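Bear in mind that the values here come from a model prediction, so they are computed numbers and not experimental data. Position 1 is the first residue of the sequence; numbering continues from there.
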Amino acid sequence: MSDFDWGVIARSWSFLAEGMALSALLVVVATIGGLVIGFGLALMRLSSNRLIAGPAAAYVTVMRSLPLVLVLFWFYFLVPLAIGRPIGSLASALIAFVMFEAAFYCEIIRAGINNVRQGQTEAGLATGLRRSQVMRHIVMPQALKAMTPLVLNQIIIVFQDTSLVYVVALHDFLTTASIVAARDGRPTEMYTLVAVVYLIICLSSTKALEFYRKGRAG
């Protein structure tokens with residue numbers, strides 16, 4: 001440890017920060033976009049009409065069966081081919097993350113909605129509320145309580161998965177650290193820094209989750 005050079009981290013910090021910013025961007029966009037599309041997919045899956053529920057179920061099954069790396073390649077090559085022009089690594093990665101995560105958020109949201117007793121929906125309809133009002137005022141507030149811990153866990157997984165974007169020539173936090181480690185010959189410092197940052201973020205999220213659970217229990 002006597003050779004541990006803290007200076008290499010300080011000298012490369014601006015470059016490392018760019019990688020960290022990319023990881024944060026992917027997490028935010030994948031979470032927001034995935035939740036929005038996942039909510040639509042969940043409503044489709046809950047439909048009693050097989051023509052509506054079937055395509056959503058097929059989409060979720062396909063996405064959950066594929067590794068994220070393959071999905072990244074898929075959108076990196078497929079989208080430019082479909083629209084006839086390149087869209088760049090960042091755009092293809094953002095699309096891939098959103099579409100991939102939407103399948104997982106769909107199942108989380110669907111489970112949350114199914115967790116609410118059917119009798120409450122029927123009671124809301126019996127009072128004269130429209131189905132959309134029942135969903136907004138009765139079902140979703142209760143479903144959110146069941147969904148929140150799972151969503152937080154999924155956000156942690158998304159953050160860890162951002163390291164895969166190197167396959168489409170993007171430099172996330174781990175990749176930038178790897179570049180610095182190879183360039184300066186200081187792998188110990190760089191990979192220690194990466195491990196500490198990942199631990200801080202994941203432990204903070206875990207603590208937030210525990211705090212949330214205790215709050216609900218209290």
Side-chain angles (χ1 to χ4, degrees), residues 15-114 132 135-136 140 143-144 147 150-179 194 198 201:
F15 182 52
L16 293 167
E18 290 178 12
M20 192 176 294
L22 174 62
S23 295
L25 175 65
L26 286 167
V27 171
V28 171
V29 173
T31 301
I32 295 174
L35 282 170
V36 171
I37 297 176
F39 182 72
L41 288 169
L43 294 181
M44 290 176 65
R45 290 210 64 185
L46 290 168
S47 172
S48 57
N49 188 332
R50 291 185 177 181
L51 293 177
I52 296 175
Y59 177 86
V60 170
T61 299
V62 169
M63 281 297 177
R64 296 184 72 187
S65 301
L66 298 175
L68 178 56
V69 171
L70 179 58
V71 177
L72 282 165
F73 279 132
W74 196 20
F75 280 96
Y76 183 64
F77 292 108
L78 180 66
V79 174
L81 192 64
I83 65 175
R85 63 185 179 85
I87 62 170
S89 297
L90 179 59
S92 62
L94 290 172
I95 294 171
F97 264 78
V98 168
M99 300 310 291
F100 186 77
E101 293 303 324
F104 291 87
Y105 285 124
C106 166
E107 292 304 274
I108 292 173
I109 294 169
R110 189 168 70 98
I113 292 174
N114 282 335
S132 60
M135 178 66 72
R136 187 166 66 251
M140 287 311 296
L144 281 172
M147 289 159 43
L150 299 175
V151 169
L152 288 174
N153 277 334
Q154 192 62 31
I155 291 173
I156 294 173
I157 294 171
V158 174
F159 176 67
Q160 294 169 338
D161 284 347
T162 60
S163 62
L164 297 174
V165 293
Y166 76 91
V167 299
V168 291
L170 287 176
H171 296 163
D172 74 305
F173 181 48
L174 178 57
T175 305
T176 54
S178 299
I179 292 172
V194 170
Y198 271 75
I201 292 175

Taking side chain as C-beta onward, heavy atoms only, is [X] less than 4.5 Å from [Y]?
| X | Y | answer |
| --- | --- | --- |
| L26 | V158 | no |
| Y166 | L174 | no |
| T162 | L22 | no |

Indicate the atoms forming the closest heavy-atom contact of [X] with [Y], along with that distance.
| X | Y | value |
| --- | --- | --- |
| P86 | P80 | CA-CB, 3.9 Å |
| A93 | V165 | CB-CG1, 4.3 Å |
| M44 | A56 | CB-CB, 3.7 Å |

Point-to-point distance, once rounded to the nearest 0.5 Å, from [atom1] of [X] to [atom2] of [Y]:
| X | Y | atom1 | atom2 | value |
| --- | --- | --- | --- | --- |
| L78 | I83 | CG | CD1 | 10.0 Å |
| R85 | I87 | CZ | CD1 | 8.0 Å |
| T175 | L16 | OG1 | CG | 11.5 Å |
| D161 | S23 | CG | OG | 11.0 Å |
| L170 | L90 | CG | CG | 6.0 Å |
| D172 | L25 | CG | CG | 12.0 Å |

>> Tell me if a side-chain donor or acceptor on S47 pairs with a main-chain N or O of L43 at a distance below 3.5 Å.
In response: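 No; judged by distance alone, with no hydrogens or angles, the pair does not exist.
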> Looking only at atom types and distance, does a side-chain atom of T31 sit under 3.5 Å from a main-chain N or O of V28, one as donor and one as acceptor?
Replying inline: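 A pair under 3.5 Å: no.
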> Can you check side-chain contact (heavy atoms from CB on, under 4.5 Å) on M63 and M99, steps first, answer last?
Replying inline: CA-CA 8 Å; M63 281 297 177; M99 300 310 291; 4.3 Å; yes
> What ring-ring contact (aromatic ring centres under 6.0 Å, His included) pairs are there with at least one residue in residues 64-96, not counting sequence neighbours?
Replying inline: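 For residues 64-96: none.
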> Where does the angle between the aromatic ring planes of Y198 and F173 fall among parallel (under 30°), tilted (30 to 60°) and perpendicular (over 60°)?
Replying inline: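 Ring orientation, 0 to 90° scale: parallel.
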Quiz: residues 100-110 side-chain donor-acceptor pairs under 3.5 angstrom, not counting sequence neighbours:
unit_1	atom_1	unit_2	atom_2	d
E101	OE1	Q154	NE2	2.7
E107	OE1	R45	NH1	3.2
E107	OE1	R110	NH2	2.9
E107	OE2	R45	NH1	2.8
E107	OE2	R110	NE	3.3

> Considering residues at least two apart in sequence or located in another chain, which fulfil the salt bridge (Lys or Arg N to Asp or Glu O under 4.0 Å) criterion with R136?
Replying inline: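 With neighbours one apart ignored, the set is empty.
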> For V71 and F97, what are the C-alpha separation, side-chain angles and deciding distance, and is it a side-chain contact (heavy atoms from CB on, under 4.5 Å)?
Replying inline: CA-CA 8 Å; V71 177; F97 264 78; over 6 Å; no
